[in-house]
Structures are given as structure tokens and as C-alpha cells.
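The structure displayed is predicted, hence computed values, not measured ones. Starting from 1, each residue takes its place in the sequence as its number.
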Amino acid sequence: RFKIVRKLGSGSFGDVHRGIDLTNNETVAIKIETKVLRQSRLKCEYELYKKLESTGEDMRGIPKIIYFGKFQDQNVLVMEQLGYSLEHLFIKQRKRYRDNFSLQTVLLIAIQIIKLLEFIHQNKIIHRDIKPDNFLIGKKSPETIYMIDFGLSSQFKNGRKHIHYSEDKSLTGTLRYASVRNHIGIEQSRRDDLESLGYMLIYFLKGKLPWQGLKGDTREIRRHKIKMTKMTTTVTKLCEDLPTEFYDYICYCKNLEFSETPNYA
């Protein structure tokens with residue numbers, strides 16, 4: 001039913017290809033899990049997409065899943081083809097105009113993504129890898145931002161019970177946007193998704209975060225440098241020259257309790 005056209009990129013668990021659905025000639029995105037894991041991340045991702053779909057709520061910004069199954073002993077997920085990522089558009093903007101995103105653009109992005117986070121959080125899911133590469137604009141609706149890659153996501157509630165607080169976790173997600181608590185091993189919850197989004201928005205406005213571009217002889221040294229810089233950079237310094245709302249936002253995220261429901265509005 002599906003034909004692979006070309007490889008688009010690789011993730012931590014597999015490859016993403018552009019493909020064609022031969023039943024209607026539409027272009028699709030095909031994710032193939034290449035890494036053999038004890039628990040398939042792609043299957044988990046598929047189940048989370050299905051869970052969001054089953055709410056019956058037509059949430060703009062969650063991609064449509066077309067197929068999930070096995071091919072040559074590998075898990076395959078087929079979803080609607082989307083447009084460029086925010087990271088791609090941001091780099092293109094900087095190359096072309098030598099400038100970052102405008103304040104208006106960043107605010108429009110922020111509003112859409114906060115709504116998306118509210119939606120997935122209401123369905124007991126935390127994303128755990130908020131970064132510009134994981135937000136794509138729609139192909140048919142370029143004014144809509146889509147959230148992708150739920151490969152590291154997890155459920156923070158079992159029934160009505162919130163997961164337990166713990167301090168022995170390894171960092172999950174992307175170093176640049178990870179929350180401070182994520183760095184120090186604290187179990188992630190809704191507040192961490194929101195803090196990561198804050199860093200992403202500041203990156204779009206300033207073009208660089210204070211802990212970006214740090215070098216280290218080993219991965220561990222680099223990771224430690226990023227963690228220490230993130231922990232010692234004050235919110236005032238981080239939000240310097242930005243509207244005070246960004247300062248308020250970061251402070252709000254950092255002050256949320258582990259199991260507290262954020263005030264998205």
C-alpha cells in the first residue's frame with residue numbers, strides 16, 4: 001500500500017521517509033523503527049496518538065495516523081505528510097534576513113503550542129522532548145503547528161493517580177531545552193514541558209541560549225557544563241531585553257509543584 005520515495009532523516013529509534021499512499025496517491029511520512037528495543041518506542045508512540053484520537057476532539061495540531069504494523073520484522077508508522085519544522089524555518093529566516101523570529105511570530109507560536117500542551121496534558125500525556133524540530137507546520141493548513149515525535153512521551157497519570165515524585169531519573173529529551181529539574185534527575189511532569197517551551201521561545205527571540213555551543217572533551221563533560229550554566233543563569237539574565245511576560249512565564253514554570261495542573265490560560 002505504501003511506497004518509500006526518499007529518506008528524510010533519522011531519529012534516536014529509527015528513520016523517517018517520505019512515501020506515497022498508493023490507494024490515493026497522497027504523500028505520507030513513514031517512520032521505521034531500526035533499533036531493536038525491549039519495548040518498542042514506535043508502538044508506544046502509536047498508542048499515544050490513538051489515545052489522543054479516541055478523545056473525539058478534533059484537535060488541530062495532532063497529526064493523523066494512517067497505518068501501524070510490521071514490515072520485514074520492523075515496526076512501521078505511517079502518518080500524514082507535514083511541512084517544515086520550526087527549526088528549519090528559523091534557520092532559513094536567519095540565513096535570509098540575518099534576523100530572529102519577530103515578537104509577533106513567537107507569541108503566535110507560543111499560543112498554539114500552549115494549547116497543544118494543554119490538550120495532551122488533559123489526556124494524561126507529557127511530551128518530554130519539546131524542541132523546535134518537533135513542531136511542524138501543516139502542508140494543507142500552513143497556519144497550524146503540529147506536534148510530532150511522541151517517542152519519549154509517557155503518561156503522568158494512571159487513572160486519577162499522578163505518578164510518584166522521584167529523584168533518580170536519567171535525563172530524557174534534548175539537552176538544550178531540558179528543564180533544570182530534568183538535568184538533576186527529578187521525574188518529569190507537566191511543568192517540565194512548559195519550561196522547555198519557555199527556553200525554545202527565548203531561543204527564537206534571541207537566536208541563542210546562554211548554554212548553547214558549550215564544548216567538552218566528552219559527552220559527560222559537555223552535559224555537566226550545560227547543566228551548571230543552566231543552573232547558574234538567573235531568570236533575569238536569561239530574559240534580559242525581552243518583554244517582562246517571558247520572565248513571568250519562566251518563573252511561573254519553575255515554581256509549579258510536581259503534580260500541579262498549570263494555569264494554561
Only pairs under 3.5 Å count here: list side-chain donor-acceptor contacts from residues 67-74, not counting sequence neighbours, and write none if there are none.
from	atom 1	to	atom 2	distance (Å)
Lys70	NZ	Asn75	OD1	3.2

Minimum side-chain heavy-atom gap Cys239-Ile202 below 4.5 Å: yes
Tyr199-Tyr177 aromatic ring centre distance below 6.0 Å: no
Under 3.5 Å side-chain donor-acceptor pair for Asp133 and Ser85: no
Distance in Å, Leu117 CG paired with Asp193 CG, rounded so as to fall on 0.5 Å steps: 5.5 Å
Ring pair (Phe, Tyr, Trp, His ring centres under 6.0 Å) involving His121 - partner list, sequence neighbours excluded: Tyr264
Residues in ring pair (Phe, Tyr, Trp, His ring centres under 6.0 Å) contact with Tyr146, at least two apart in sequence or another chain: none
Please tabulate, for side-chain N and O atoms in residues 241-257, each donor-acceptor pair with protein atoms closer than 3.5 Å (sequence neighbours left out).
from	atom 1	to	atom 2	distance (Å)
Tyr249	OH	Leu194	O	2.7
Tyr252	OH	Asn263	N	2.8
Asn255	ND2	Cys251	O	3.0

With [X] via salt bridge (charged side-chain N to carboxylate O under 4.0 Å, His left out) - residues at least two apart:
X      : answer
Glu87  : none
Lys237 : Glu240
Lys169 : Glu187

Arg176 NZ/CZ over Tyr203 ring centroid, <6.0 Å and within 45° of normal: yes
Salt bridge [X]-[Y], side-chain N to carboxylate O under 4.0 Å:
X      : Y      : answer
Glu45  : Arg41  : no
Arg128 : Asp192 : no
Glu143 : Arg60  : yes

Running the 4.5 Å side-chain criterion over Ile, Leu, Val, Met, Phe, Trp and Tyr, what cluster does [X] land in, apart from itself?
X      : result
Ile20  : Val5, Leu22
Phe13  : Leu37, Leu152
Ile221 : none

side-chain hydrogen bond (donor to acceptor under 3.5 Å, both in side chains): pairs with one or both residues in residues 207-217, sequence neighbours excluded: none
Residue pairs, two or more places apart or on separate chains, that pass side-chain hydrogen bond (donor to acceptor under 3.5 Å, both in side chains) and touch residues 218-228: none
